[in-house]
*Asks:* 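Can you read through this structure? Questions will come right after.
Quick note: numbers below take in every heavy atom, side chains included, and nothing from hydrogens, waters or symmetry partners. A, B, ... follow the sequence lines: proteins, then strands. Residue 1 opens every chain.
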Protein chains: 2
Amino acid sequence: MVRRRPGAPTLEEVAAHAGVGRGTVSRVINNAAGVKESTRQAVQRAVEELGYVPNLAARSLAGQRADAVALVLTEPDWRQFAEPFFSEIVRSLGDALADTGMQLMLTLIRSETERQRFLEYARGGRVDGVLLMSVHADDRLPDMLADARLPTVLLGRRSGDEYVSYVDADNVGGARDAVSHLLKQGRTAIATITGPLDMYVAQCRLRGYQDALAQAGLMNSRSWVAESDFSEESGRRAMAELLERHPEIDAVLAASDTTAAGALHALRAAGRRVPEDVAVIGFDDFPLAERTEPRLTTVRQPLEEMGRAMVRLLMEEMEDQSEAWRHVILRTKLVVRESS
Amino acid sequence: MVRRRPGAPTLEEVAAHAGVGRGTVSRVINNAAGVKESTRQAVQRAVEELGYVPNLAARSLAGQRADAVALVLTEPDWRQFAEPFFSEIVRSLGDALADTGMQLMLTLIRSETERQRFLEYARGGRVDGVLLMSVHADDRLPDMLADARLPTVLLGRRSGDEYVSYVDADNVGGARDAVSHLLKQGRTAIATITGPLDMYVAQCRLRGYQDALAQAGLMNSRSWVAESDFSEESGRRAMAELLERHPEIDAVLAASDTTAAGALHALRAAGRRVPEDVAVIGFDDFPLAERTEPRLTTVRQPLEEMGRAMVRLLMEEMEDQSEAWRHVILRTKLVVRESS
DNA sequence: TTGAAAGCGCTAACAC
DNA sequence: GTGTTAGCGCTTTCAA
């Protein structure tokens, strides 16, 4: 199976065509300093005329680098992609990476086979670093990458004592702020719809919720807590459950804005007005919720900054061979929209 | 910037460790035939002991191939990702590619810069082929890839005389079938919500709709056609518009199931019952619509087959240097669910 | 400022 | 069956 166009011009041919040495051509195409302007132009003309394109495999081999980083998603439910959380992060990563001249490649891992294939790919040096999103607590992939001494940065921790480098939002603080806000509004019957509680992010948000209530000296029973899987449908179900248990509910902290959207539907179906009767606050900043409910308050995560921070940490790991871990936790911001 | 672990063992060291030649090690790690079992085991032991991982850049350079293909999305609106259309295709591509030992990498292209960067990447030989999704009519990327003699396969055509290899669904036939079905049900006031009419897929579906009506000798005025951008919101708007123009509407062919979901909302908001008063048929097979409206009929595209076909065409192009283009159009299937 | 030369680590063709 | 060897196309010293 011959896979590459056979007659592609090489650097050597360009050199011959321009009447210079190989090294000089290399310098020109890499924008290295120390080349006479006239020489540079002659080389550039030869490049144009021959339609020369550098062979990246050769460059990788000689330069010991791939000029590419992978963004890995182990989430089997790709519906996730729809979340602005995802697209914002990707956008931000793309922008941050643009300055470095690296190619961002997305990799979806759904099976053990794919996981192995990616590991070989990464350990084979096809990428200089790996960014991982939505890693579950029991996922060992980050460890395996770290063991292979590949620069690796997680978005979100797997647990409180994550040791692989990561960037995370202050989920405890965000939830606490949201609940405090509700308390200040005079709400007292505050329930919460959590994410999957085997995920650290969900645990943190639940903790923030509990902290704020405890601080206000309020009750804090499990019957005010319902679990969701971050989907709209599960939010709807959780809300219905909560309403059944506590019809007096006057506020809800939801796992995400998608979940919040589900909660909204359930509330409306039950004849409650939002936010007059029941206030709803979700995490992230889901445009859908924003569109259907512009007055909804949310806990906004600094997605743009989180992406940039991930790239920064990755670069630091690449530069520095000391294998130090770096952790960045970014503050969230409560965006208050409703007037009531 | 030193990016690769420096002390990684090479094939040469494995050979020395196992007391064999380089070629033998190469044969073993590539599962080539013609190696004595005892030798193979000795090599494998050496590989294990040294933690050897092949350098993929060297392999690429020597073997003239990358063992990777890119799936490119030029769609700036990543909300698309949510569609099962996308995730199903990716799943199917992943499965088909698994057999070939190739790595699938997703690439998102939003800006001209990213487009250029990807072109260099692909022309530099980092991928053996390119799969393109949701390409707009005025996108020149496929031509540029084809010019670079890179095996390229599109999902969907840019126009009726697309010449780059592609896999597409029979959109005209699908729409025609759907409308015929409605006519057979006794519906006569049939409107359609199209996709963006600068996309060939939308033109085809509109044509199928018109064909079926013409064949039945029915009127066919533009006032029964409303355009959407495949989103739920635009579907809702389009439906409202149509209802205003023609309150007597008793059926709608929608651009996609997402659009159909929007249409449903608009219909319900207007007090119509579905499918009793108004039948709705969309393309694809959107689970959301399925969940909220299990009785909804849809035009199902053979996504699984489409993915497999894409990989097949790509392989053929890689095998065959003759630069022939291959086109595959797959039949759609009307999945009838409502009883009325 | 530039050319020449030594690899980077692997595959594949060719000997033995 | 297995070892040897000649590249693959580039980057990067090292001289000139």
Side-chain angles (χ1 to χ4, degrees), chain A residues 1-43 46-47 50-67 101 120 123-126 128, chain B residues 1-43 46-47 50-67 101 120 123-126 128:
Chain A
M1 198 189 309
V2 179
R3 281 164 179 169
R4 296 245 0 256
R5 58 234 135 106
T10 70
L11 181 145
E12 175 120 39
E13 300 176 64
V14 175
H17 193 87
V20 301
R22 253 140 46 120
T24 305
V25 177
S26 178
R27 281 169 207 125
V28 172
I29 61 176
N30 288 298
N31 286 318
V35 181
K36 214 200 306 173
E37 186 52 30
S38 60
T39 314
R40 174 180 302 280
Q41 294 193 353
V43 171
V47 166
L50 269 50
Y52 169 74
V53 180
N55 178 319
L56 262 26
R59 175 174 286 174
S60 270
L61 182 56
Q64 305 280 294
R65 65 220 164 70
D67 286 321
E120 276 172 39
R123 301 207 300 171
R126 297 303 284 252
D128 297 319
Chain B
M1 200 191 305
V2 179
R3 281 166 180 166
R4 298 254 348 266
R5 56 234 137 104
T10 70
L11 180 143
E12 175 121 39
E13 300 177 63
V14 174
H17 193 86
V20 302
R22 258 147 35 128
T24 304
V25 178
S26 178
R27 279 171 208 125
V28 172
I29 61 175
N30 290 297
N31 286 317
V35 180
K36 213 199 309 174
E37 186 52 29
S38 60
T39 314
R40 175 181 301 281
Q41 294 193 353
V43 171
V47 166
L50 269 50
Y52 169 74
V53 179
N55 178 319
L56 262 25
R59 175 174 287 175
S60 271
L61 182 56
Q64 305 280 296
R65 64 218 166 71
D67 286 319
E120 276 173 40
R123 302 207 300 170
R126 298 303 285 252
D128 297 318

*Asks:* Take B:Gly19 and B:Ala62, find for each the nucleotide of DNA chain D with the closest heavy atom, and name the residue whose nucleotide sits nearer the 5' end.
*Replies:* B:Gly19

*Asks:* Distance criterion of 3.5 Å, no angle test: do you see the side chain of B:Arg27 paired donor-to-acceptor with the base of D:dG3?
*Replies:* yes

*Asks:* Would you mind telling me which of C:dC10, C:dC8, D:dG3 lies closest to the side-chain atoms of B:Ala58?
*Replies:* C:dC10

*Asks:* To the nearest angstrom, how far is B:Ile29 atom CD1 from C:dC10 atom C1'?
*Replies:* 8 Å

*Asks:* Quick check for you: to the nearest 0.5 Å, what is the distance between A:Thr24 atom OG1 and A:Lys36 atom NZ?
*Replies:* 10.5 Å

*Asks:* Measuring to OP1 and OP2 of D:dT2, would you say a side-chain N or O of B:Thr39 lies under 4.0 angstrom away?
*Replies:* yes

*Asks:* Distance check: side-chain N/O of A:Thr24 vs OP1/OP2 of C:dT2, anything under 4.0 Å?
*Replies:* no

*Asks:* D:dC10 P sits how many Å from A:Gln64 CD, rounded?
*Replies:* 16 Å

*Asks:* Take the protein atom CG of A:Leu56 and the nucleotide atom P of D:dG9, then report the distance between them rounded to whole Å.
*Replies:* 13 Å

*Asks:* A:Pro54 side chain: which of C:dC10, D:dG9, D:dC10 is closest?
*Replies:* D:dC10

*Asks:* Does a nitrogen or oxygen in the side chain of A:Asn30 sit under 4.0 Å from OP1 or OP2 of D:dT11?
*Replies:* yes

*Asks:* Tell me the interatomic distance from A:Arg123, atom CZ, to C:dG9, atom P, rounded to whole angstroms.
*Replies:* 17 Å

*Asks:* Expressed as a whole number of angstroms, how long is the span from A:Glu13:CD to D:dC8:P?
*Replies:* 10 Å

*Asks:* Give one of base, sugar-phosphate or nothing for A:Ser26, where a contact means two heavy atoms less than 4.0 Å apart.
*Replies:* base

*Asks:* Take atom CG of B:Leu61 and atom P of D:dC10, then tell me their distance rounded to the nearest Å.
*Replies:* 9 Å

*Asks:* Do A:Glu13 side-chain atoms and A:Thr10 backbone N/O form a donor-acceptor pair below 3.5 Å?
*Replies:* yes

*Asks:* Just the rounded figure in Å: distance from P of C:dC8 to CG of A:Asn55.
*Replies:* 18 Å

*Asks:* Round to a whole Å and report the spacing from CG of B:Leu11 to P of C:dC10.
*Replies:* 5 Å

*Asks:* Taking the side chain as every heavy atom from C-beta outward, state whether B:Ile29 and B:Arg59 have any atom pair closer than 4.5 Å.
*Replies:* yes

*Asks:* Mind listing the closest non-hydrogen atom pair of B:Ala58 and A:Leu61 along with its distance?
*Replies:* CB-CD1, 3.7 Å

*Asks:* Answer yes or no: is there a side-chain heavy-atom contact under 4.5 Å between A:Arg40 and A:Arg27?
*Replies:* no

*Asks:* Which nucleotide sits closest to the side chain of A:Lys36: D:dG9, C:dT1, D:dG3?
*Replies:* C:dT1

